[in-house]
Trainee: 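Quick one: structure below, then a few questions.
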Amino acid sequence: MKIFVAGSTGVIGRRISSLLVASGHDVKGMTRTTSKANELRVLGATPVLCDVFDRSLLVEVITEFNPDVVINELTDLPDDPILIRKHASFNNRIRTEGTINLVDAAVACNAKVIAQSVAWDLPGDGGIAVKFLERTVLAAGGVIIRYGQFYGPETYFESEPPPSPRVHIDFAARRTLDYLFAPSGVVIVVDDA
């Protein structure tokens, strides 16, 4: 299949892109920076330089590729977990405006949408943004994957697993591929599922 991965250079996005390529799919991975484009080439994916907030370019790039599936693994999280609350508005914008742009581009070429969500309740604006993302994707006939908190290499929890719900980053990536053909709905990916 032809698969477009938004968030392809993130912790889970790189793993998913690599697994998709290894499974024989034609993968285009979106990144905002030229420095990360080479990472995607090394994985065997074709890099696409685009920002999810550049709506017209995003629609053009996705419709030109004409994918079967658009996978949304976008987040805008700081490297230091202590700064998550301070930077929450950036991640909320990805989940709202970014989601609308990706879904509209996917719908324009009849592509299925699979999107990352969380398996726990977020308070305040973060929770509102998550609900918006989920409603938008489900309204387009897509699949929501509610992941537990990631742990393992390159995550906030590299050496010690977080409290439940949690999921090892490699397991989460492998399970994501299981939902390429899933019907529209919500699935939960945690260690004990």
Side-chain angles (χ1 to χ4, degrees), residues 1-81 87 90-91 93-95 97-117 133 137 142-143 145 147 150-158 167-182 189:
M1 291 195 302
K2 293 169 72 174
I3 302 176
F4 187 90
V5 182
S8 59
T9 58
V11 175
I12 192 166
R14 281 193 315 277
R15 287 165 168 81
I16 291 170
S17 296
S18 180
L19 291 168
L20 289 168
V21 168
S23 297
H25 299 291
D26 180 3
V27 179
K28 279 204 175 182
M30 186 175 84
T31 181
R32 292 180 290 186
T33 61
T34 53
S35 62
K36 292 188 177 181
N38 197 49
E39 288 179 30
L40 292 168
R41 284 187 196 92
V42 169
L43 295 175
T46 303
V48 174
L49 287 174
C50 186
D51 189 309
V52 73
F53 301 120
D54 186 341
R55 182 180 173 83
S56 59
L57 179 59
L58 181 69
V59 170
E60 178 184 322
V61 163
I62 290 179
T63 55
E64 182 180 294
F65 181 48
N66 196 28
D68 300 295
V69 177
V70 171
I71 299 177
N72 177 4
E73 293 292 345
L74 288 170
T75 58
D76 193 346
L77 297 169
D79 291 335
D80 184 346
H87 289 85
F90 301 115
N91 210 35
R93 183 177 179 219
I94 286 270
R95 288 180 171 143
E97 184 182 340
T99 296
I100 290 172
N101 292 346
L102 276 173
V103 168
D104 286 352
V107 167
C109 56
N110 267 343
K112 176 181 189 172
V113 179
I114 298 173
Q116 175 187 136
S117 189
L133 175 147
V137 170
V143 175
I145 301 178
Y147 297 105
F150 295 143
Y151 69 94
E154 303 174 279
T155 70
Y156 291 147
F157 303 96
E158 287 192 299
V167 64
H168 192 280
I169 190 70
D170 294 325
F171 177 74
R174 286 192 305 275
R175 285 299 309 273
T176 301
L177 270 63
D178 294 340
Y179 302 109
L180 292 175
F181 301 101
V189 175

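Below, all heavy atoms of this structure are taken into account, side chains as well, without hydrogens, waters or symmetry copies. Positions are given from 1, in the same order as the sequence printed here.
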Trainee: Over all heavy atoms of both residues, which pair between Ile169 and Pro153 is shortest? Give the atoms and the distance, please.
Mentor: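 Scanning both residues, the minimum pair turns out to be CG2-O, 4.0 Å.
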Trainee: Take atom CG in Asn110; do more than 12 heavy atoms of anything else shown fall under 6.0 Å from it?
Mentor: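 Counting neighbours around CG of Asn110, 12 or fewer heavy atoms of other residues, nucleotides or ligands fall under 6.0 Å, so no.
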Trainee: May I have the step-by-step check of side chain to side chain contact (heavy atoms under 4.5 Å, CB included) for Met30 and Leu74, ending in yes or no?
Mentor: CA-CA 10 Å; Met30 186 175 84; Leu74 288 170; 4.2 Å; yes
Trainee: Determine whether Phe53 and Ile94 make a side-chain contact, defined as any pair of heavy atoms from C-beta on separated by less than 4.5 Å.
Mentor: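 Yes, their side chains come closer than 4.5 Å.
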Trainee: List the steps and the verdict of salt bridge (charged side-chain N to carboxylate O under 4.0 Å, His left out) for Arg15 and Glu154.
Mentor: CA-CA 11 Å; Arg15 287 165 168 81; Glu154 303 174 279; 3.2 Å; yes
Trainee: Hey, could you give me the CG/CG distance between Leu177 and Leu180, rounded to the nearest 0.5 Å?
Mentor: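 Taking CG in Leu177 and CG in Leu180, the distance rounds to 5.0 Å.
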Trainee: Are Ile71 and Leu20 close enough, and set up right, to give a side chain to side chain contact (heavy atoms under 4.5 Å, CB included), and what steps lead you there?
Mentor: CA-CA 11 Å; Ile71 299 177; Leu20 289 168; 4.0 Å; yes
Trainee: Evaluate the ring planes of Phe4 and Phe65, with Trp represented by its six-membered ring, and classify them as parallel (under 30°), tilted (30 to 60°) or perpendicular (over 60°).
Mentor: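 Answer is tilted, since the angle falls between 30° and 60°.
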Trainee: List the steps, then state whether side chain to side chain contact (heavy atoms under 4.5 Å, CB included) holds for Val11 with Phe150.
Mentor: CA-CA 9 Å; Val11 175; Phe150 295 143; 5.6 Å; no
Trainee: Ignoring hydrogens, what is the shortest heavy-atom contact between Val21 and Ala45? Give both atom names and the distance.
Mentor: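 That closest heavy-atom pairing would be CG2-N, 3.9 Å.
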Trainee: How many angstroms lie between atom CD1 of Ile62 and atom CD of Glu64, to the nearest 0.5 angstrom?
Mentor: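 Interatomic distance, Ile62 CD1 to Glu64 CD, rounded to 0.5 Å: 11.5 Å.
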Trainee: State, to 0.1 Å, how close His25 and Met1 come at their nearest heavy-atom pair, and which atoms those are.
Mentor: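 Minimum heavy-atom contact is ND1-N, 3.1 Å.
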Trainee: Using side-chain heavy atoms (C-beta onward) and a distance below 4.5 Å, is Val48 in contact with Thr31?
Mentor: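 With C-beta onward as the side chain, the pair stays apart.
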Trainee: When rounded to the nearest 0.5 angstrom, what is the spacing between OG1 in Thr176 and CD1 in Ile16?
Mentor: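 CD1 of Ile16 is found 4.0 Å from OG1 of Thr176.
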Trainee: So, does Thr99 use its side chain to make a donor-acceptor pair with the main chain of Arg95 at under 3.5 Å?
Mentor: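 Confirmed, Thr99 side chain pairs with Arg95 backbone.
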Trainee: Distance from Asn101 atom CG to Arg55 atom CZ, nearest 0.5 Å?
Mentor: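 With rounding to 0.5 Å, CG (Asn101) is 5.0 Å from CZ (Arg55).
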Trainee: Hey, could you give me the CD1/CD1 distance between Ile114 and Ile3, rounded to the nearest 0.5 Å?
Mentor: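 Result: 7.5 Å between the selected atoms.
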Trainee: Return the NZ to SG distance between Lys28 and Cys50, rounded to the nearest 0.5 Å.
Mentor: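 With rounding to 0.5 Å, NZ (Lys28) is 11.0 Å from SG (Cys50).
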Trainee: Hey, does the side chain of Lys112 reach the backbone of Val143 with a donor-acceptor pair shorter than 3.5 angstrom?
Mentor: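 Flag not set: sc Lys112 to bb Val143 has no pair under 3.5 Å.
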Trainee: Answer whether the closest heavy-atom distance between the side chains of Ile145 and Arg175 falls below 4.5 Å.
Mentor: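 Heavy-atom side-chain distance check fails, nothing below 4.5 Å.
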Trainee: Can you see which heavy atom on Ala106 is nearest to which on Val113, and at what distance?
Mentor: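 The answer is CB-CG2, 3.5 Å.
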Trainee: Could you tell me whether the side chain of Asp76 reaches within less than 4.5 Å of the side chain of His87, counting heavy atoms only?
Mentor: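 No, their side chains stay 4.5 Å or more apart.
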Trainee: If you compare all heavy atoms of Asp80 against all heavy atoms of Tyr156, which two are closest, and at what distance to 0.1 Å?
Mentor: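 So the minimum-distance heavy-atom pair works out to C-CE2, 4.4 Å.
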Trainee: Please name the pair of heavy atoms, one in Ala111 and one in Pro67, separated by the smallest distance, quoted to 0.1 Å.
Mentor: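 Scanning both residues, the minimum pair turns out to be CB-O, 3.3 Å.
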Trainee: Could you walk me through whether Ser56 and Asp54 pass the side chain to side chain contact (heavy atoms under 4.5 Å, CB included) check?
Mentor: CA-CA 6 Å; Ser56 59; Asp54 186 341; 3.5 Å; yes
Trainee: Using modelled atom types and a 3.5 Å cut-off, is there a donor and acceptor pairing between side-chain atoms of Thr155 and backbone atoms of Phe157?
Mentor: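 Looks like yes, one N/O pair under 3.5 Å.
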Trainee: Checking the side chain of Ser8 only, and the main-chain atoms of Gly13 only, is there a donor and an acceptor separated by less than 3.5 Å?
Mentor: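 Not a single qualifying donor-acceptor pair exists.
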Trainee: Are the side chain of His168 and the backbone of Asp170 linked by a donor-acceptor contact shorter than 3.5 Å?
Mentor: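 It does hold such a pair.
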